[in-house]
There are 2 protein chains.
Amino acid sequence: MESPAQAGTAGPASPRRRRVGREERERQILGAAVAVFAERGYANASMDAVAERVGVTKPVLYTHFGSKEGLLLACVAQARTELLDVTSAAAAAAAGPEEMLRLGTRAFFTFLDERAAAFSLLYSEASIAADAVEGIRAQQTDFIAALLGAAAPDADTRRLQGWAQVIVGACERLAVWRAQDRRVTVDDATEYLMDLAWTGLRDRASGADRASGTLSG
Amino acid sequence: MESPAQAGTAGPASPRRRRVGREERERQILGAAVAVFAERGYANASMDAVAERVGVTKPVLYTHFGSKEGLLLACVAQARTELLDVTSAAAAAAAGPEEMLRLGTRAFFTFLDERAAAFSLLYSEASIAADAVEGIRAQQTDFIAALLGAAAPDADTRRLQGWAQVIVGACERLAVWRAQDRRVTVDDATEYLMDLAWTGLRDRASGADRASGTLSG
DNA sequence: GGCATCAATCTACCCGTGGTAACTTACCGT
DNA sequence: ACGGTAAGTTACCACGGGTAGATTGATGCC
(Lines give C-alpha, C1' and ligand atoms only; values in the text may rest on other atoms or scores of the structure.)
Protein backbone atom coordinates (compact mmCIF):
# COMPACT_ATOMS: atom_id res chain seq x y z
CA MET A 1 0.00 0.00 0.00
CA GLU A 2 3.04 2.28 0.13
CA SER A 3 3.61 4.74 -2.61
CA PRO A 4 5.68 2.89 -5.19
CA ALA A 5 7.93 5.88 -5.53
CA GLN A 6 9.21 5.30 -2.01
CA ALA A 7 9.60 1.50 -1.95
CA GLY A 8 11.48 1.95 1.27
CA THR A 9 11.96 -1.71 2.18
CA ALA A 10 15.39 -1.32 3.68
CA GLY A 11 18.49 -1.27 1.44
CA PRO A 12 20.49 1.72 2.58
CA ALA A 13 23.68 1.09 0.63
CA SER A 14 21.87 -0.54 -2.28
CA PRO A 15 20.76 1.97 -4.88
CA ARG A 16 17.44 0.16 -4.73
CA ARG A 17 17.98 -1.80 -7.94
CA ARG A 18 21.16 -3.09 -9.48
CA ARG A 19 21.17 -4.24 -13.03
CA VAL A 20 23.22 -7.35 -13.70
CA GLY A 21 24.18 -9.02 -16.97
CA ARG A 22 22.35 -12.07 -18.18
CA GLU A 23 25.06 -14.70 -17.67
CA GLU A 24 26.02 -13.42 -14.26
CA ARG A 25 22.40 -13.38 -13.14
CA GLU A 26 21.77 -16.89 -14.35
CA ARG A 27 24.80 -18.15 -12.51
CA GLN A 28 23.58 -16.48 -9.33
CA ILE A 29 20.12 -17.97 -9.73
CA LEU A 30 21.43 -21.47 -10.40
CA GLY A 31 23.59 -21.33 -7.32
CA ALA A 32 20.76 -20.12 -5.13
CA ALA A 33 18.37 -22.68 -6.58
CA VAL A 34 20.69 -25.59 -5.90
CA ALA A 35 21.08 -24.42 -2.33
CA VAL A 36 17.39 -23.82 -1.68
CA PHE A 37 16.22 -27.00 -3.38
CA ALA A 38 18.79 -29.01 -1.48
CA GLU A 39 18.01 -27.62 1.94
CA ARG A 40 14.21 -27.40 1.79
CA GLY A 41 13.44 -30.02 -0.82
CA TYR A 42 12.02 -29.16 -4.22
CA ALA A 43 8.37 -29.42 -3.21
CA ASN A 44 8.78 -27.20 -0.15
CA ALA A 45 11.02 -24.67 -1.84
CA SER A 46 9.18 -21.62 -3.11
CA MET A 47 10.30 -19.55 -6.03
CA ASP A 48 10.08 -16.52 -3.78
CA ALA A 49 12.68 -18.11 -1.51
CA VAL A 50 15.09 -18.57 -4.42
CA ALA A 51 14.43 -15.03 -5.62
CA GLU A 52 14.98 -13.58 -2.19
CA ARG A 53 18.28 -15.41 -1.89
CA VAL A 54 19.47 -13.86 -5.12
CA GLY A 55 18.11 -10.48 -4.11
CA VAL A 56 15.57 -10.13 -6.91
CA THR A 57 11.89 -10.88 -7.33
CA LYS A 58 10.06 -13.85 -8.75
CA PRO A 59 9.46 -12.72 -12.35
CA VAL A 60 13.21 -12.52 -12.87
CA LEU A 61 13.48 -16.27 -12.35
CA TYR A 62 10.74 -16.82 -14.88
CA THR A 63 12.34 -14.68 -17.54
CA HIS A 64 15.50 -16.72 -17.21
CA PHE A 65 14.24 -20.27 -16.67
CA GLY A 66 10.57 -20.29 -17.64
CA SER A 67 9.20 -22.34 -14.75
CA LYS A 68 10.07 -23.89 -11.44
CA GLU A 69 10.69 -27.19 -13.13
CA GLY A 70 12.82 -25.48 -15.75
CA LEU A 71 14.99 -24.12 -13.00
CA LEU A 72 15.40 -27.54 -11.45
CA LEU A 73 16.25 -28.99 -14.83
CA ALA A 74 18.94 -26.41 -15.37
CA CYS A 75 20.49 -27.35 -12.03
CA VAL A 76 20.44 -31.01 -12.95
CA ALA A 77 21.94 -30.35 -16.37
CA GLN A 78 24.84 -28.58 -14.74
CA ALA A 79 25.48 -31.49 -12.39
CA ARG A 80 25.34 -33.86 -15.32
CA THR A 81 28.18 -32.19 -17.13
CA GLU A 82 30.38 -32.14 -14.08
CA LEU A 83 29.69 -35.79 -13.32
CA LEU A 84 30.75 -37.05 -16.71
CA ASP A 85 33.88 -34.93 -16.62
CA VAL A 86 34.97 -36.33 -13.29
CA THR A 87 34.33 -40.00 -14.00
CA SER A 88 35.72 -40.08 -17.50
CA ALA A 89 38.89 -38.35 -16.34
CA ALA A 90 39.33 -41.02 -13.67
CA ALA A 91 38.77 -43.87 -16.09
CA ALA A 92 41.21 -42.38 -18.55
CA ALA A 93 43.95 -42.60 -15.96
CA ALA A 94 43.49 -46.35 -15.45
CA ALA A 95 45.77 -49.04 -16.86
CA GLY A 96 43.32 -51.95 -17.14
CA PRO A 97 39.71 -52.98 -16.71
CA GLU A 98 39.88 -53.62 -12.98
CA GLU A 99 41.54 -50.31 -12.26
CA MET A 100 39.15 -48.56 -14.55
CA LEU A 101 36.20 -49.92 -12.64
CA ARG A 102 37.83 -49.09 -9.35
CA LEU A 103 38.98 -45.57 -10.16
CA GLY A 104 35.77 -44.64 -11.93
CA THR A 105 33.68 -45.83 -9.01
CA ARG A 106 35.92 -44.03 -6.59
CA ALA A 107 35.66 -40.81 -8.57
CA PHE A 108 31.88 -41.04 -8.51
CA PHE A 109 31.73 -41.37 -4.74
CA THR A 110 34.26 -38.61 -4.25
CA PHE A 111 32.34 -36.26 -6.53
CA LEU A 112 29.14 -36.75 -4.56
CA ASP A 113 31.07 -36.26 -1.36
CA GLU A 114 32.38 -32.90 -2.46
CA ARG A 115 29.12 -31.74 -3.97
CA ALA A 116 26.58 -32.59 -1.31
CA ALA A 117 23.99 -30.22 -2.73
CA ALA A 118 24.24 -31.69 -6.20
CA PHE A 119 23.92 -35.11 -4.65
CA SER A 120 20.64 -34.33 -2.94
CA LEU A 121 19.34 -32.78 -6.13
CA LEU A 122 20.13 -35.87 -8.16
CA TYR A 123 19.01 -38.51 -5.70
CA SER A 124 16.29 -36.86 -3.67
CA GLU A 125 14.42 -34.81 -6.23
CA ALA A 126 14.64 -37.50 -8.86
CA SER A 127 10.91 -37.81 -9.40
CA ILE A 128 10.39 -34.25 -10.59
CA ALA A 129 13.36 -34.20 -12.89
CA ALA A 130 12.95 -37.88 -13.64
CA ASP A 131 13.68 -37.58 -17.33
CA ALA A 132 16.73 -35.43 -16.83
CA VAL A 133 18.16 -37.75 -14.19
CA GLU A 134 17.47 -40.72 -16.42
CA GLY A 135 19.45 -38.90 -19.05
CA ILE A 136 22.40 -38.71 -16.70
CA ARG A 137 22.12 -42.40 -15.98
CA ALA A 138 22.00 -43.16 -19.69
CA GLN A 139 25.12 -41.11 -20.13
CA GLN A 140 26.94 -42.99 -17.39
CA THR A 141 25.60 -46.33 -18.56
CA ASP A 142 26.73 -45.84 -22.14
CA PHE A 143 30.10 -44.74 -20.93
CA ILE A 144 30.55 -47.77 -18.68
CA ALA A 145 29.22 -50.16 -21.31
CA ALA A 146 31.85 -48.88 -23.72
CA LEU A 147 34.59 -49.49 -21.17
CA LEU A 148 33.31 -52.97 -20.45
CA GLY A 149 33.11 -53.73 -24.14
CA ALA A 150 36.84 -53.23 -24.41
CA ALA A 151 37.48 -55.57 -21.49
CA ALA A 152 35.08 -58.31 -22.59
CA PRO A 153 34.95 -58.28 -26.38
CA ASP A 154 32.95 -61.51 -26.60
CA ALA A 155 29.96 -60.16 -24.68
CA ASP A 156 27.07 -58.86 -26.82
CA THR A 157 25.88 -55.27 -26.65
CA ARG A 158 22.75 -55.96 -24.64
CA ARG A 159 24.70 -57.80 -21.99
CA LEU A 160 27.20 -54.98 -21.75
CA GLN A 161 24.34 -52.55 -21.24
CA GLY A 162 22.91 -54.78 -18.53
CA TRP A 163 26.22 -54.94 -16.71
CA ALA A 164 26.52 -51.18 -16.92
CA GLN A 165 23.03 -50.83 -15.44
CA VAL A 166 24.06 -53.06 -12.55
CA ILE A 167 27.12 -50.94 -11.85
CA VAL A 168 25.29 -47.63 -12.09
CA GLY A 169 22.49 -48.85 -9.84
CA ALA A 170 24.88 -50.31 -7.32
CA CYS A 171 26.88 -47.09 -7.16
CA GLU A 172 23.80 -44.96 -6.65
CA ARG A 173 22.64 -47.11 -3.81
CA LEU A 174 26.06 -47.21 -2.18
CA ALA A 175 26.18 -43.44 -2.40
CA VAL A 176 22.86 -43.05 -0.61
CA TRP A 177 23.96 -45.60 1.98
CA ARG A 178 27.13 -43.61 2.61
CA ALA A 179 25.09 -40.45 3.08
CA GLN A 180 23.11 -42.22 5.79
CA ASP A 181 26.07 -43.83 7.52
CA ARG A 182 29.12 -41.61 7.35
CA ARG A 183 31.35 -44.37 8.76
CA VAL A 184 31.37 -45.97 5.31
CA THR A 185 34.33 -44.44 3.50
CA VAL A 186 34.78 -43.94 -0.19
CA ASP A 187 37.22 -46.83 -0.20
CA ASP A 188 34.79 -49.10 1.64
CA ALA A 189 32.07 -48.42 -0.89
CA THR A 190 34.45 -48.94 -3.79
CA GLU A 191 35.66 -52.21 -2.29
CA TYR A 192 32.17 -53.60 -1.81
CA LEU A 193 31.32 -52.77 -5.41
CA MET A 194 34.49 -54.52 -6.58
CA ASP A 195 33.75 -57.56 -4.43
CA LEU A 196 30.62 -58.22 -6.42
CA ALA A 197 31.22 -56.68 -9.82
CA TRP A 198 34.78 -57.85 -10.29
CA THR A 199 35.37 -60.83 -8.02
CA GLY A 200 31.84 -62.23 -7.70
CA LEU A 201 30.22 -63.78 -4.67
CA ARG A 202 30.97 -67.30 -5.86
CA ASP A 203 34.55 -66.85 -4.79
CA ARG A 204 33.49 -65.55 -1.38
CA ALA A 205 30.71 -67.98 -0.59
CA SER A 206 32.10 -70.61 1.72
CA GLY A 207 31.51 -74.25 0.95
CA ALA A 208 30.05 -74.50 4.45
CA ASP A 209 26.61 -73.98 3.01
CA ARG A 210 24.80 -76.91 1.54
CA ALA A 211 25.52 -77.65 -2.06
CA SER A 212 26.83 -74.24 -3.02
CA GLY A 213 29.20 -75.86 -5.47
CA THR A 214 26.84 -78.34 -7.07
CA LEU A 215 24.25 -75.78 -8.09
CA SER A 216 26.16 -73.66 -10.48
CA GLY A 217 24.97 -75.55 -13.54
CA MET B 1 -24.45 -24.68 -10.52
CA GLU B 2 -27.23 -27.27 -10.35
CA SER B 3 -29.49 -27.43 -7.39
CA PRO B 4 -27.79 -29.74 -4.90
CA ALA B 5 -31.06 -31.50 -4.25
CA GLN B 6 -30.96 -32.88 -7.79
CA ALA B 7 -27.27 -33.84 -8.04
CA GLY B 8 -28.07 -35.14 -11.47
CA THR B 9 -24.54 -36.03 -12.57
CA ALA B 10 -25.52 -39.39 -13.95
CA GLY B 11 -26.02 -42.26 -11.48
CA PRO B 12 -29.55 -43.45 -12.06
CA ALA B 13 -29.40 -46.34 -9.66
CA SER B 14 -27.44 -44.36 -7.05
CA PRO B 15 -29.71 -42.92 -4.37
CA ARG B 16 -27.61 -39.76 -4.37
CA ARG B 17 -25.33 -40.84 -1.51
CA ARG B 18 -24.25 -44.33 -0.60
CA ARG B 19 -22.59 -44.92 2.75
CA VAL B 20 -19.68 -47.34 2.66
CA GLY B 21 -17.77 -48.97 5.52
CA ARG B 22 -14.41 -47.62 6.58
CA GLU B 23 -12.22 -50.49 5.41
CA GLU B 24 -13.97 -50.81 2.09
CA ARG B 25 -13.69 -47.08 1.44
CA GLU B 26 -10.01 -47.00 2.28
CA ARG B 27 -9.37 -49.86 -0.09
CA GLN B 28 -11.23 -47.99 -2.83
CA ILE B 29 -9.28 -44.82 -2.19
CA LEU B 30 -5.92 -46.59 -2.15
CA GLY B 31 -6.71 -48.27 -5.44
CA ALA B 32 -7.78 -45.02 -7.06
CA ALA B 33 -4.79 -43.17 -5.66
CA VAL B 34 -2.29 -45.70 -7.00
CA ALA B 35 -3.90 -45.44 -10.41
CA VAL B 36 -4.09 -41.65 -10.50
CA PHE B 37 -0.60 -41.10 -9.09
CA ALA B 38 0.82 -43.60 -11.55
CA GLU B 39 -0.82 -42.17 -14.64
CA ARG B 40 -0.55 -38.43 -13.97
CA GLY B 41 2.44 -38.36 -11.64
CA TYR B 42 2.17 -37.34 -8.00
CA ALA B 43 2.80 -33.64 -8.58
CA ASN B 44 0.21 -33.36 -11.34
CA ALA B 45 -2.39 -35.51 -9.64
CA SER B 46 -5.02 -33.54 -7.77
CA MET B 47 -6.86 -34.83 -4.75
CA ASP B 48 -10.08 -33.94 -6.53
CA ALA B 49 -9.13 -36.33 -9.32
CA VAL B 50 -8.66 -39.17 -6.84
CA ALA B 51 -11.90 -38.30 -5.10
CA GLU B 52 -13.81 -38.18 -8.34
CA ARG B 53 -12.49 -41.58 -9.34
CA VAL B 54 -13.77 -43.04 -6.11
CA GLY B 55 -17.04 -41.15 -6.48
CA VAL B 56 -16.74 -39.05 -3.33
CA THR B 57 -15.54 -35.55 -2.50
CA LYS B 58 -12.19 -34.33 -1.30
CA PRO B 59 -12.74 -34.12 2.46
CA VAL B 60 -13.38 -37.86 2.52
CA LEU B 61 -9.79 -38.48 1.47
CA TYR B 62 -8.57 -36.21 4.24
CA THR B 63 -10.58 -37.93 6.95
CA HIS B 64 -9.02 -41.23 5.93
CA PHE B 65 -5.44 -40.28 5.08
CA GLY B 66 -4.84 -36.82 6.50
CA SER B 67 -2.99 -35.29 3.57
CA LYS B 68 -1.94 -35.86 0.00
CA GLU B 69 1.42 -37.07 1.17
CA GLY B 70 -0.25 -39.33 3.70
CA LEU B 71 -2.20 -40.91 0.90
CA LEU B 72 0.94 -41.50 -1.13
CA LEU B 73 2.64 -42.97 1.91
CA ALA B 74 -0.21 -45.40 2.44
CA CYS B 75 0.14 -46.55 -1.16
CA VAL B 76 3.85 -47.05 -0.70
CA ALA B 77 3.37 -48.92 2.57
CA GLN B 78 1.06 -51.33 0.84
CA ALA B 79 3.57 -51.98 -1.93
CA ARG B 80 6.24 -52.53 0.68
CA THR B 81 4.40 -55.37 2.35
CA GLU B 82 3.68 -57.09 -0.91
CA LEU B 83 7.29 -56.78 -2.06
CA LEU B 84 8.75 -58.44 1.00
CA ASP B 85 6.18 -61.22 0.81
CA VAL B 86 7.03 -62.00 -2.77
CA THR B 87 10.81 -61.95 -2.49
CA SER B 88 11.09 -63.82 0.79
CA ALA B 89 8.80 -66.54 -0.50
CA ALA B 90 11.06 -66.94 -3.53
CA ALA B 91 14.22 -67.09 -1.45
CA ALA B 92 12.68 -69.62 0.88
CA ALA B 93 12.21 -71.99 -2.03
CA ALA B 94 15.90 -71.95 -2.96
CA ALA B 95 18.37 -74.72 -2.21
CA GLY B 96 21.61 -72.72 -2.01
CA PRO B 97 23.10 -69.24 -2.15
CA GLU B 98 23.30 -68.99 -5.91
CA GLU B 99 19.74 -70.13 -6.41
CA MET B 100 18.59 -67.84 -3.61
CA LEU B 101 20.13 -64.86 -5.34
CA ARG B 102 18.71 -65.92 -8.67
CA LEU B 103 15.18 -66.72 -7.53
CA GLY B 104 14.93 -63.68 -5.29
CA THR B 105 16.06 -61.37 -8.07
CA ARG B 106 13.70 -63.03 -10.49
CA ALA B 107 10.79 -62.64 -8.08
CA PHE B 108 11.56 -58.94 -7.74
CA PHE B 109 11.47 -58.32 -11.47
CA THR B 110 8.34 -60.39 -11.87
CA PHE B 111 6.57 -58.50 -9.11
CA LEU B 112 7.29 -55.16 -10.74
CA ASP B 113 6.16 -56.57 -14.05
CA GLU B 114 2.80 -57.57 -12.69
CA ARG B 115 2.30 -54.42 -10.67
CA ALA B 116 3.24 -51.68 -13.09
CA ALA B 117 1.41 -49.01 -11.10
CA ALA B 118 3.19 -49.90 -7.89
CA PHE B 119 6.43 -49.80 -9.82
CA SER B 120 5.95 -46.27 -11.01
CA LEU B 121 4.97 -45.21 -7.50
CA LEU B 122 8.13 -46.65 -6.02
CA TYR B 123 10.59 -45.54 -8.66
CA SER B 124 9.13 -42.39 -10.11
CA GLU B 125 7.65 -40.65 -7.09
CA ALA B 126 10.57 -41.55 -4.89
CA SER B 127 11.44 -38.00 -3.92
CA ILE B 128 8.13 -37.23 -2.22
CA ALA B 129 7.91 -40.46 -0.31
CA ALA B 130 11.68 -40.59 -0.01
CA ASP B 131 11.73 -41.78 3.57
CA ALA B 132 9.13 -44.45 2.99
CA VAL B 133 10.90 -45.77 -0.08
CA GLU B 134 14.18 -45.76 1.81
CA GLY B 135 12.41 -47.86 4.40
CA ILE B 136 11.54 -50.38 1.76
CA ARG B 137 15.12 -50.49 0.60
CA ALA B 138 16.30 -50.96 4.16
CA GLN B 139 13.90 -53.83 4.50
CA GLN B 140 15.18 -55.48 1.33
CA THR B 141 18.78 -54.74 2.21
CA ASP B 142 18.56 -56.28 5.67
CA PHE B 143 16.85 -59.28 4.22
CA ILE B 144 19.50 -59.79 1.55
CA ALA B 145 22.35 -59.16 3.98
CA ALA B 146 21.00 -61.90 6.21
CA LEU B 147 20.91 -64.31 3.31
CA LEU B 148 24.44 -63.39 2.28
CA GLY B 149 25.63 -63.80 5.86
CA ALA B 150 24.64 -67.43 5.75
CA ALA B 151 26.50 -67.96 2.49
CA ALA B 152 29.66 -66.10 3.49
CA PRO B 153 30.10 -66.45 7.26
CA ASP B 154 33.58 -64.92 7.26
CA ALA B 155 32.44 -61.55 5.91
CA ASP B 156 31.83 -58.86 8.50
CA THR B 157 28.45 -57.20 8.94
CA ARG B 158 29.34 -53.95 7.23
CA ARG B 159 30.59 -55.76 4.16
CA LEU B 160 27.42 -57.83 4.02
CA GLN B 161 25.38 -54.62 4.16
CA GLY B 162 27.46 -53.14 1.38
CA TRP B 163 26.95 -56.16 -0.82
CA ALA B 164 23.24 -56.02 -0.15
CA GLN B 165 23.21 -52.34 -1.16
CA VAL B 166 24.91 -53.26 -4.40
CA ILE B 167 22.33 -55.92 -5.17
CA VAL B 168 19.36 -53.73 -4.29
CA GLY B 169 20.69 -50.83 -6.33
CA ALA B 170 21.50 -53.03 -9.29
CA CYS B 171 18.04 -54.58 -9.26
CA GLU B 172 16.32 -51.20 -9.12
CA ARG B 173 18.28 -49.96 -12.07
CA LEU B 174 17.72 -53.12 -14.08
CA ALA B 175 14.01 -52.80 -13.37
CA VAL B 176 13.89 -49.25 -14.71
CA TRP B 177 15.93 -50.31 -17.72
CA ARG B 178 13.46 -53.09 -18.45
CA ALA B 179 10.60 -50.62 -18.25
CA GLN B 180 12.30 -48.52 -20.93
CA ASP B 181 13.26 -51.40 -23.17
CA ARG B 182 10.69 -54.15 -23.09
CA ARG B 183 12.89 -56.50 -25.09
CA VAL B 184 14.87 -57.20 -21.91
CA THR B 185 13.15 -60.14 -20.28
CA VAL B 186 13.01 -61.02 -16.63
CA ASP B 187 15.51 -63.80 -17.28
CA ASP B 188 17.87 -61.46 -19.10
CA ALA B 189 17.88 -59.03 -16.21
CA THR B 190 18.38 -61.81 -13.71
CA GLU B 191 21.25 -63.21 -15.73
CA TYR B 192 23.06 -59.91 -16.00
CA LEU B 193 22.77 -59.43 -12.26
CA MET B 194 24.17 -62.92 -11.70
CA ASP B 195 27.03 -62.31 -14.13
CA LEU B 196 28.37 -59.58 -11.90
CA ALA B 197 27.16 -60.41 -8.42
CA TRP B 198 27.84 -64.13 -8.53
CA THR B 199 30.43 -64.77 -11.23
CA GLY B 200 32.26 -61.44 -11.32
CA LEU B 201 33.66 -59.63 -14.30
CA ARG B 202 37.15 -60.98 -13.69
CA ASP B 203 36.09 -64.31 -15.12
CA ARG B 204 34.58 -62.65 -18.18
CA ALA B 205 37.27 -60.11 -18.94
CA SER B 206 39.44 -61.47 -21.70
CA GLY B 207 43.16 -61.47 -21.24
CA ALA B 208 43.31 -59.65 -24.52
CA ASP B 209 43.44 -56.37 -22.66
CA ARG B 210 46.74 -55.14 -21.37
CA ALA B 211 47.79 -56.32 -17.96
CA SER B 212 44.36 -57.23 -16.64
CA GLY B 213 45.92 -59.93 -14.51
CA THR B 214 48.84 -58.01 -13.10
CA LEU B 215 46.83 -55.20 -11.56
CA SER B 216 44.79 -57.00 -8.95
CA GLY B 217 47.05 -56.01 -6.10
C1' DG C 1 25.84 16.85 -21.19
C1' DG C 2 21.07 15.70 -22.24
C1' DC C 3 17.79 12.58 -24.02
C1' DA C 4 15.69 8.42 -26.42
C1' DT C 5 15.64 3.48 -26.19
C1' DC C 6 15.52 -0.98 -24.62
C1' DA C 7 15.94 -4.52 -21.56
C1' DA C 8 16.03 -5.80 -16.74
C1' DT C 9 13.17 -5.48 -12.83
C1' DC C 10 9.30 -4.65 -9.78
C1' DT C 11 4.31 -4.30 -8.21
C1' DA C 12 0.02 -6.25 -8.23
C1' DC C 13 -2.61 -9.59 -9.55
C1' DC C 14 -4.91 -14.33 -11.15
C1' DC C 15 -6.06 -19.01 -10.34
C1' DG C 16 -5.43 -23.83 -9.33
C1' DT C 17 -4.98 -26.87 -5.60
C1' DG C 18 -4.09 -28.54 -0.82
C1' DG C 19 -6.56 -28.30 3.26
C1' DT C 20 -10.58 -27.18 6.68
C1' DA C 21 -15.05 -25.75 9.19
C1' DA C 22 -19.67 -26.43 9.66
C1' DC C 23 -23.73 -28.35 8.18
C1' DT C 24 -26.50 -32.80 6.34
C1' DT C 25 -27.87 -37.32 5.87
C1' DA C 26 -27.84 -42.29 5.70
C1' DC C 27 -27.48 -46.29 8.42
C1' DC C 28 -27.79 -48.90 13.05
C1' DG C 29 -29.33 -50.27 17.59
C1' DT C 30 -33.05 -50.04 20.64
C1' DA D 1 -40.31 -45.00 14.96
C1' DC D 2 -36.34 -42.45 16.63
C1' DG D 3 -32.20 -40.60 18.19
C1' DG D 4 -26.99 -40.99 17.79
C1' DT D 5 -23.15 -41.22 15.15
C1' DA D 6 -20.18 -41.72 11.52
C1' DA D 7 -19.96 -40.80 6.57
C1' DG D 8 -20.42 -37.07 3.20
C1' DT D 9 -21.22 -32.63 1.39
C1' DT D 10 -20.88 -27.61 0.36
C1' DA D 11 -18.45 -23.61 0.70
C1' DC D 12 -14.62 -21.57 1.90
C1' DC D 13 -9.42 -20.07 3.03
C1' DA D 14 -4.39 -19.60 2.09
C1' DC D 15 -0.40 -20.38 -0.21
C1' DG D 16 2.39 -20.62 -4.08
C1' DG D 17 3.22 -20.97 -9.25
C1' DG D 18 2.82 -18.01 -12.97
C1' DT D 19 1.86 -13.44 -15.60
C1' DA D 20 0.65 -8.43 -17.38
C1' DG D 21 1.95 -3.92 -17.26
C1' DA D 22 4.19 -0.18 -15.08
C1' DT D 23 9.08 1.37 -13.84
C1' DT D 24 13.77 2.31 -13.90
C1' DG D 25 18.55 1.92 -14.84
C1' DA D 26 22.23 1.49 -18.23
C1' DT D 27 23.61 2.46 -23.01
C1' DG D 28 24.28 4.86 -27.26
C1' DC D 29 23.26 8.87 -30.15
C1' DC D 30 23.32 13.65 -31.01
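The sequence lines fix the lettering, A, B, ..., with proteins before strands; numbering per chain opens at 1.
- Heavy atoms only, all atoms of each residue included: A:R178 and A:F109 are closest at NH1-O, 4.0 Å.
- Here the side chain of B:V20 is nearest to one of C:dC10, D:dG8, D:dG17, namely D:dG8.
- Following rounding to the nearest Å, B:Y42 (OH) and C:dT17 (C1') show an atom-to-atom distance of 12 Å.
- Contact check on A:R80 versus A:E134 returns no salt bridge, with no Lys/Arg side-chain nitrogen under 4.0 Å from an Asp/Glu carboxylate oxygen.
- As rounded to whole Å, 12 Å separates atom P of C:dT17 from atom CD of B:E52.
- Of all nucleotides listed (D:dT9, C:dT9, C:dG19), C:dG19 comes nearest to the side chain of B:K68.
- Among the protein residues, B:S46 comes within range of the sugar-phosphate backbone only, with heavy atoms under 4.0 Å from sugar or phosphate atoms but none that close to a base.
- Between the P atom of C:dG18 and the CG atom of B:L72 lies a distance of 13 Å, rounded to the nearest Å.
- Atom CG of A:L61 is separated from atom C1' of D:dG16 by 13 Å (rounded to the nearest Å).
- Contact between the side-chain N/O atoms of B:R22 and the OP1/OP2 oxygens of D:dA7 is found at a separation under 4.0 Å.
- Place A:M47 and B:V60 on DNA chain D by their nearest nucleotides, and B:V60 ends up nearer the 5' end.
- Among the heavy atoms of the strands lying under 4.0 Å from B:A45 are primed sugar atoms or P, OP1, OP2 only; no base atom is included.
- Take the nearest nucleotide of DNA chain D for B:G21 and for B:P59: the residue whose nucleotide is more 5' is B:G21.
- Rounded to an integer number of Å, the gap from CG of B:L71 to C1' of C:dG19 is 14 Å.
- A salt bridge links A:D113 with A:R182: at least one charged nitrogen is closer than 4.0 Å to a carboxylate oxygen.
- Atom CD of B:E24 is separated from atom C1' of D:dG8 by 16 Å (rounded to the nearest Å).
- Taking only distance into account, the side chain of A:K58 meets the base of D:dG18 through a donor-acceptor pair shorter than 3.5 Å.
- A:A49 comes within 4.0 angstrom of no nucleic acid atom, judged by non-hydrogen atoms across all strands.
- Residues A:R25 and A:Q28 have side chains that bring a donor and an acceptor to within less than 3.5 angstrom of each other.
- Side chain of B:Y192 to backbone of A:Q161: no donor-acceptor contact under 3.5 angstrom is found.
- Protein atom CG of A:N44 is 20 Å distant from nucleotide atom P of D:dA14, rounded to whole Å.
- In this structure, A:D48 places its CG atom 12 Å from P of C:dC10, rounding to the nearest Å.
- Within the 4.0 angstrom heavy-atom criterion, only backbone atoms of the sugar-phosphate kind lie near B:S67; the bases stay farther away.
- In this structure, B:R25 reaches the D:dG8 phosphate: one of its side-chain N or O atoms is under 4.0 Å from OP1 or OP2.
- Minimum atom distance to the side chain of B:Y62 is reached by C:dT20, of the listed D:dT9, C:dT20, C:dC10.
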